Amino acid sequence: MQTFPNEKVLMTSDDNSITLTTHRIFQRNVEANKDLLLKHIVSHQVIRRKKLYYKLLTVFFLIMTFVAYQNLNPRYDEEVFILVLILVALSIISACFFL
């Protein structure tokens with residue numbers, strides 16, 4: 001890895017496949033070596049903030065599941081039961097995204 005003048009290594013990954021310097025990001029693997037200048041990065045995104053949306057969706061779907069389950073007739077209303085199953089599936093899917 002050749003560096004620019006005044007370029008310093010800030011951090012590396014545990015397996016040394018990715019290196020962050022003051023000017024670039026290097027990725028090394030068996031297939032290819034890539035680098036990206038930091039000045040070419042237009043924007044960034046903090047992933048942790050999106051987890052809140054999935055938590056709220058999970059709570060919403062669980063509440064809707066509980067409400068739909070409470071509205072089931074003792075005669076086993078098939079339409080409401082299908083709605084409950086869909087809401088349970090949506091709850092499980094949204095819960096998987098914030099784990």
Side-chain angles (χ1 to χ4, degrees):
M1 172 177 81
Q2 298 220 350
T3 59
F4 292 127
N6 299 324
E7 184 177 19
K8 296 178 184 173
V9 174
L10 298 176
M11 64 176 31
T12 59
S13 62
D14 292 337
D15 61 353
N16 291 325
S17 63
I18 299 176
T19 303
L20 174 65
T21 69
T22 53
H23 294 78
R24 295 181 281 187
I25 299 173
F26 290 99
Q27 179 184 12
R28 293 189 190 117
N29 57 26
V30 178
E31 299 165 1
N33 294 327
K34 300 176 186 177
D35 69 309
L36 174 67
L37 288 171
L38 295 178
K39 68 179 182 179
H40 293 146
I41 297 176
V42 177
S43 66
H44 68 282
Q45 179 180 25
V46 179
I47 301 298
R48 280 179 262 147
R49 297 190 80 199
K50 287 200 165 204
K51 285 188 175 185
L52 175 63
Y53 300 124
Y54 290 115
K55 289 179 184 179
L56 292 174
L57 273 175
T58 301
V59 170
F60 172 75
F61 287 134
L62 287 173
I63 290 171
M64 292 303 296
T65 302
F66 180 74
V67 168
Y69 184 75
Q70 293 297 320
N71 290 329
L72 275 176
N73 275 341
R75 298 179 316 152
Y76 200 76
D77 189 3
E78 186 176 333
E79 293 172 358
V80 177
F81 183 71
I82 291 173
L83 176 66
V84 168
L85 288 180
I86 291 171
L87 288 170
V88 167
L90 290 172
S91 299
I92 292 170
I93 290 169
S94 63
C96 289
F97 279 105
F98 79 82
L99 291 178

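This is a predicted model, so every value here is computed, not measured. Computation of the quantities below employed the complete heavy-atom set of this structure, encompassing side-chain atoms and omitting hydrogens, waters and symmetry-equivalent molecules.
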side-chain contact (heavy atoms from CB on, under 4.5 Å) with Val59: which residues, sequence neighbours excluded? Ile63

Can you measure from NZ (Lys34) to CZ (Arg28) and round to the nearest 0.5 angstrom?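 Lys34 atom NZ to Arg28 atom CZ measures 14.0 Å (nearest 0.5 Å).
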
Among residues at least two apart in sequence or on other chains, which ones pass side-chain contact (heavy atoms from CB on, under 4.5 Å) with Asp15?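 Residues passing side-chain contact (heavy atoms from CB on, under 4.5 Å) with Asp15: Ser13, Ser17.
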
Just to verify, what does Ile86 make a side-chain contact (heavy atoms from CB on, under 4.5 Å) with, not counting sequence neighbours?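 If we apply the side-chain contact (heavy atoms from CB on, under 4.5 Å) test to Ile86, skipping adjacent residues, the hits are Ile82, Leu90.
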
Working note: Asn6 + Thr22, criterion side chain to side chain contact (heavy atoms under 4.5 Å, CB included); need CA distance, chi angles, decisive distance, verdict. CA-CA 8 Å; Asn6 299 324; Thr22 53; over 6 Å; no

With sequence neighbours left out, the residues meeting side-chain contact (heavy atoms from CB on, under 4.5 Å) with Asn29 are Gln27, Glu31, Ala32

Interatomic distance, NE2@His23 vs CG@Leu10, rounded to 0.5 Å, equals 10.0 Å

